[in-house]
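Contents: one structure, followed by commentary.
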Amino acid sequence: MSRLDSFINRMSAQRDLINHVRGLVDLPAEGVVFEIGLGNGRTYSHLRECFDGRRIIAFDRKLAAHASATPAPEDFVEGEINQTGQAFLGWNSALVHADIGTGYDDKDAVTLTWLPQMVAGMLQSGGYAVSGLPLAHPELEEQPQLPTIQPGRYFHYRKR
Ligand SMILES: C[S@@+](CC[C@H](N)C(=O)[O-])C[C@H]1O[C@@H](n2cnc3c(N)ncnc32)[C@H](O)[C@@H]1O
């Protein structure tokens with residue numbers, strides 16, 4: 001598969017899963033949304049549309065989002081997420097979206113030494129995680145795949 005096709009698959013899987021979680025009746029009524037890896041802000045912009053009225057806090061090592069998708073200063077956390085995210089453990093978020101995979105197995109393996117634990121710690125019980133990397137953690141229950149998403153492309157979990 002070309003890298004272009006792979007990218008398109010990843011983006012459509014990401015969008016399908018965020019839209020799916022938006023429609024879930026058991027999504028916690030209270031709680032912030034965390035966007036781990038703001039990047040250009042395209043996903044942040046989509047999260048804003050989907051979760052209108054919720055506070056969305058975004059993380060990245062550097063602010064580089066499009067002007068139209070730049071969070072308010074109090075909703076952007078700059079720095080290495082494995083460090084900056086620590087302050088948000090126990091925040092009882094409703095949803096964490098994480099898009100920080102690199103496509104390099106060795107780099108992603110390092111991320112996976114801390115990301116699952118951090119996501120689990122940020123969520124309330126019953127909250128959801130949507131992630132480009134698999135989050136193996138005893139408190140995160142993998143949810144049934146959507147028919148539109150290829151196995152292993154994008155993942156979603158509910159915190160027990
Ligand atoms: C694939 S991009 C996210 C794209 C984003 N979903 C969008 O709509 O533009 C991943 C982003 O995560 C950030 N990132 C990756 N690992 C990080 C880390 N450990 N700490 C802080 N930022 C990180 C990168 O700087 C990059 O901007």
Side-chain angles (χ1 to χ4, degrees), residues 1-23 27 31-91 93-123 127-137 140 143 145-146 148-150 152-157:
M1 180 189 293
S2 73
R3 294 198 64 229
L4 178 62
D5 282 335
S6 174
F7 175 76
I8 290 167
N9 280 348
R10 186 165 65 86
M11 291 300 98
S12 62
Q14 181 188 112
R15 183 201 53 202
D16 289 357
L17 275 174
I18 290 170
N19 291 352
H20 172 71
V21 170
R22 172 186 57 187
L27 181 70
V32 302
V33 173
F34 287 126
E35 165 66 332
I36 294 185
L38 174 66
N40 181 272
R42 293 184 178 96
T43 314
Y44 174 78
S45 149
H46 194 67
L47 289 168
R48 269 194 322 210
E49 283 192 8
C50 288
F51 302 100
D52 189 26
R54 293 221 196 221
R55 186 176 178 195
I56 304 173
I57 299 175
F59 300 78
D60 208 299
R61 50 174 62 105
K62 208 79 193 141
L63 182 59
H66 188 272
S68 67
T70 296
E74 65 272 21
D75 291 336
F76 176 68
V77 182
E78 188 171 274
E80 289 299 312
I81 296 162
N82 60 336
Q83 295 164 21
T84 59
Q86 300 293 335
F88 296 86
L89 300 177
W91 265 51
S93 65
L95 169 64
V96 177
H97 171 248
D99 179 18
I100 58 171
T102 62
Y104 293 100
D105 289 346
D106 54 340
K107 291 183 180 167
D108 291 345
V110 173
T111 301
L112 288 172
T113 62
W114 55 267
L115 184 64
Q117 179 73 27
M118 178 162 288
V119 171
M122 288 173 157
L123 282 170
Y128 283 85
V130 173
S131 173
L133 292 175
L135 302 176
H137 189 279
L140 298 176
Q143 300 298 292
Q145 283 176 342
L146 303 190
T148 54
I149 298 177
Q150 293 175 351
R153 172 57 57 186
Y154 229 82
F155 305 87
H156 75 305
Y157 304 86

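Just so you know, residue 1 is the first one in the sequence shown, and it goes up from there. Indexing begins at 1, ligand by ligand and atom by atom, following the structure's order.
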Contacts of H20 that satisfy ring-ring contact (aromatic ring centres under 6.0 Å, His included) - sequence neighbours left out |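 Residues passing ring-ring contact (aromatic ring centres under 6.0 Å, His included) with H20: H156.
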Can you sort out the partners of F51 under ring-ring contact (aromatic ring centres under 6.0 Å, His included), two or more places apart, ordered by chain and number?
->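 Partners of F51 under the ring-ring contact (aromatic ring centres under 6.0 Å, His included) test: none.
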The single option from I18, L146, L133, D99 passing side chain to side chain contact (heavy atoms under 4.5 Å, CB included) against Y154 |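 Per the side chain to side chain contact (heavy atoms under 4.5 Å, CB included) rule, the option paired with Y154 is D99, out of I18, L146, L133, D99.
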Could you give the distance from CG (D60) to CD1 (I81), rounded to the nearest 0.5 Å?
->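 The CD1 atom of I81 is 6.0 Å from CG of D60, to the nearest 0.5 Å.
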F34 side, atom CZ; R55 side, atom CZ - distance, nearest 0.5 Å =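 Output value for this atom pair is 8.0 Å.
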So which heavy atom in the protein is nearest [atom], and how far is it from that ligand atom?
atom: atom 10 (C) of ligand 1; answer: D99 O, 3.2 Å
atom: atom 18 (C) of ligand 1; answer: R61 NH2, 3.2 Å
atom: atom 9 (O) of ligand 1; answer: N40 N, 2.9 Å
atom: atom 8 (O) of ligand 1; answer: T43 N, 2.8 Å
atom: atom 7 (C) of ligand 1; answer: L38 O, 3.4 Å
atom: atom 20 (N) of ligand 1; answer: I81 N, 3.0 Å
atom: atom 11 (C) of ligand 1; answer: D60 OD2, 3.5 Å

Residues T43 and R15: side-chain donor-acceptor under 3.5 angstrom =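 No.
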Can you find a non-hydrogen atom of G79 under 4.0 Å from ligand 1?
->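 Yes, G79 has heavy atoms under 4.0 Å from ligand 1.
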